[in-house]
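All of these numbers come straight from a predicted model, not from anything done at the bench. Letters A, B, ... mirror the listed sequences (proteins, then strands); counts begin at 1. Any value given below was found using the heavy atoms of this structure, including those in side chains, with hydrogens, waters and symmetry copies removed.
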There are 2 protein chains.
Amino acid sequence: MKRTTSKRLVTISDVAQSAGVSKATAARVLGSYGTASPVVKEKVREAARKLGYQANELARSMTTGKSKTIGVIVGDIENPYFGQAVRGISDAAHAAGFDVILSNSGEDAAKEKAAVRVLLGKRVDGLIVTPASVYETQHLHEVQRSGRPLVLLDRTVPGLAVDAVVTDDRQAAEAATRALIEAGHRRIAYISATESDDPIYRGPHQINLSTVMERIEGVVAASRSAGIEHPERYIRLGANRRGEGDKIISELLQGADRPTAILASDNVVALEVFKTLRRLGMSIPQDLSLIAFHDADWTSVTSPPITVIAQPVYDLGFESARILVRRITGIGDAPRCRVLATTLIKRQSIGAPPELPESRTVLQNTAAKIG
Amino acid sequence: MKRTTSKRLVTISDVAQSAGVSKATAARVLGSYGTASPVVKEKVREAARKLGYQANELARSMTTGKSKTIGVIVGDIENPYFGQAVRGISDAAHAAGFDVILSNSGEDAAKEKAAVRVLLGKRVDGLIVTPASVYETQHLHEVQRSGRPLVLLDRTVPGLAVDAVVTDDRQAAEAATRALIEAGHRRIAYISATESDDPIYRGPHQINLSTVMERIEGVVAASRSAGIEHPERYIRLGANRRGEGDKIISELLQGADRPTAILASDNVVALEVFKTLRRLGMSIPQDLSLIAFHDADWTSVTSPPITVIAQPVYDLGFESARILVRRITGIGDAPRCRVLATTLIKRQSIGAPPELPESRTVLQNTAAKIG
DNA sequence: ATCGTATTTGAGACCGGTCTCACATGTCAA
DNA sequence: TTGACATGTGAGACCGGTCTCAAATACGAT
């Protein structure tokens, strides 16, 4: 019988009037605060039920100053990586009674900035962001200064003292590289999906994501300690855009002194490697060994199954939301950076390096090998 | 110099005072409504800039009654299918100046109901929902009655006259089944991930998703018109839970009179088929032909690449948000159900059915084959 | 019966915007 | 000069809740 006539919604005053009490009393009952006698409580609840009352959370938020909502800005929800993370965030948030407003930055710092403004305008209680750039971060500093809790997800921003939840990318890259070196590889490529005009890596200034930098450092460190010289020459960037990945990979594999192993920064890149290889008539692991970041389900059903670096993506999201909620609730200890462990899952995409014709640099390499 | 002291945020009154005008005038300038002289405009804007003013959208929404926010409830964001759809929604919404609040129902009607309450409480301007059940829909009817725009995504609810954007599942299933029949198959299984206590299909009462029902109808119709008797016997449900999928598939494939082809309701199920097959030492398409719903990237790199039914998932989301926005803006025509086309992408997972030992039902089947 | 204290209730301010309306001022034609 | 009308501005109500404060009532002890 609650024929809510699409006109105006039922307010607390309506309920109060119908129950024959004051607005304040009705609010106390319906808002579960203050005191009210059992008789009155029942009367009010009954009236509310009869009228189909539903609280206006906006009004509530305005007076209380809390919206019970957290804002989340990710690079791209379409990417299963973020999908899993968002699920983790969502689960943790809901468990704590918070809702989630989601925004997409498309890995664009300007859009990210706009999204921050909007979410702040909506008075979210806190923010979780995967910063699109380590350079353009004024807006994040502003959030911090405004005192609203902020948690960085998956990536850090140097000089910004807020909580962060990340995986140990440096170590993961190092372990993966070491695994390839142990299989006999000396020419190891790292192909990243990170935005870049120039596909050739020329130095840290090109990199605007902390994760990417860490991985590069990991690859280089492992290579160096195995005596491999100038490992940076096999690093490629910007393999994200459609078509670009194939170009980068095929040029790399057809060039002189080609790499015998590839470390792919994510699933999409790994997929590109697969496709390019098929087109080139090469196969894994005979002609090329492969390790990919992110243990997507499908990586175990390809032929051969791909060796991957498994990242606890769901946990990354869950943990970041948990931390954010604690901050909102008012835990005031110093911000920390939680580093979650990754696992190298060895499958069958690593083999011995193929015999390749001698090349200009081989002498140096073999010489170094002894050291 | 906008040292926003984390205490209280700057309000429009603060700006008005600083600019030496009334609150009403400042609001007119900052809210872009009404009139104000150029001089005053500049003064107010300058004051706002100086103080770092940012509008409280909550307060704004409360008076205007519009929140410029749409609520989205999907089954599972972790699922790339919904990830893509959400991206489409998000893009269309932002383009029209709307934000998105996301909720997860986990395909549970009760949770969906709760999510609807919450979003309505937050006074979203409209809702996009992938209904978890065709039976428990009171909450959706209530949304409709309340007059707030509602768009159904991917699935319909019979008897609920609201806009919907779906793919033509019946036809897709029919086309896929026909492709298998043309390759010579007569024993075609449909394995669905839909929730069910009993993995064996016994009738429509078990099904609570419109898409699932349509697909079953498609499979059955195509089979029937090819003279295949009792095609329902190869339909299995509930392959979603971990472990359950493998069990269902292996029982099906090891049973007497086993199917020679499988139509998988989504990627996850297709993946399960792959894994189970590997465990059983069977291969595609020699021992079994496979078609899967949803053209995920990876389906093209398995060995063999999988024939899939490509669904325009992003468009599904984009279109639903576009329609919702139009409704919010006040287009009052009768609700419609948009049906987007699917494409059968033939790859290499379909082959001729293997020679199988005669079984109890073969006689009927071969007899029927002639018709 | 009387007082002190605890509990219940209502009136009304408040949150930060929007919006209506009345008033002040400016412009132009008669 | 005066009146008609457009334009700019301010005062204050309002949205729907919460919350403070004071008044009203109930209860127990003396």
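Nearest heavy atom pair, residue Ala161(A) against residue Gln144(A), reads O-NE2, 3.1 Å. Nearest heavy atom pair, residue Leu150(A) against residue Leu160(A), reads CD2-CD2, 4.3 Å. The two atoms that bring Ala132(A) and Leu209(A) nearest to each other are O-CD1, 3.0 Å, heavy atoms only.
At the phosphate of dT18(D), OP1 or OP2 sits under 4.0 Å from a side-chain N or O atom of Tyr33(A). Distances shown here put every side-chain N or O of Thr63(B) at or beyond 4.0 Å from the OP1 or OP2 atom of dC15(D). Contact between the side-chain N/O atoms of Thr35(A) and the OP1/OP2 oxygens of dT8(C) is found at a separation under 4.0 Å. One finds a side-chain N or O of Tyr53(A) lying less than 4.0 angstrom from the OP1 or OP2 phosphate oxygen of dG17(D). Between Thr25(B) and dG10(D) there is a side-chain N or O to OP1 or OP2 distance below 4.0 Å.
When the P atom of dG16(C) is taken as reference, atom CD of Gln54(B) falls 14 Å away, rounded to whole Å. What separates CD of Gln17(B) from C1' of dG10(D) is a distance of 15 Å, to the nearest Å. What separates NZ of Lys122(B) from P of dG16(D) is a distance of 18 Å, to the nearest Å. The interatomic distance linking Arg60(B) (CZ) with dC19(C) (C1') rounds to 13 Å, in whole Å. Atom C1' of nucleotide dG17(D) and atom CZ of Arg123(B) are separated by 10 Å, given to the nearest angstrom. Protein atom CE of Met62(B) is 13 Å distant from nucleotide atom C1' of dA13(D), rounded to whole Å. Rounded to whole angstrom, the span from the CG atom of Asp14(B) across to the C1' atom of dC14(C) amounts to 15 Å. Taking atom CG of residue Asn56(A) and atom C1' of nucleotide dG16(D), one finds them 6 Å apart after rounding to whole Å.
In this structure, the side chains of Thr11(B) and Asn56(B) stay at 4.5 Å or more apart for every pair of heavy atoms. Taking 4.5 Å as the limit, some side-chain heavy atom of Leu119(B) sits within range of a side-chain heavy atom of Ile73(B). Val21(A) has its side chain out of reach of Val15(A): every pair of non-hydrogen atoms, C-beta onward, lies at least 4.5 Å apart.
Of all the residues in residues 36-46 of chain B, not one reaches under 4.0 Å from DNA chain C with any non-hydrogen atom.
Between the Asp91(A) side chain and the Gly88(A) main chain, no donor and acceptor come within less than 3.5 Å of each other. Using a distance-only test at 3.5 Å, with no hydrogens or angles considered, a donor-acceptor pair links the side chain of Thr130(A) to the main chain of Gly75(A).
A salt bridge is defined here as a Lys NZ or Arg NE, NH1 or NH2 lying under 4.0 Å from an Asp or Glu carboxylate O, and Asp125(A) with Lys68(A) fails to meet this definition.
Between the base of dG10(C) and the side chain of Lys23(A) there is no donor-acceptor pair shorter than 3.5 Å. You'll find a donor-acceptor pair under 3.5 Å spanning the side chain of Arg28(B) and the base of dG10(D), going by distance alone.
DNA chain D is contacted by both Ala24(B) and Ala59(A); Ala24(B) maps to the nucleotide lying nearer its 5′ end (nearest heavy atom per residue).
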Protein-nucleic acid N or O pairs under 3.5 Å, nucleotides 22-24 of chain D:
none

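Residue Asp163(A) is tested with Arg336(A), Arg326(A), Arg338(A) for a salt bridge (Lys or Arg N to Asp or Glu O under 4.0 Å); the sole match is Arg338(A).
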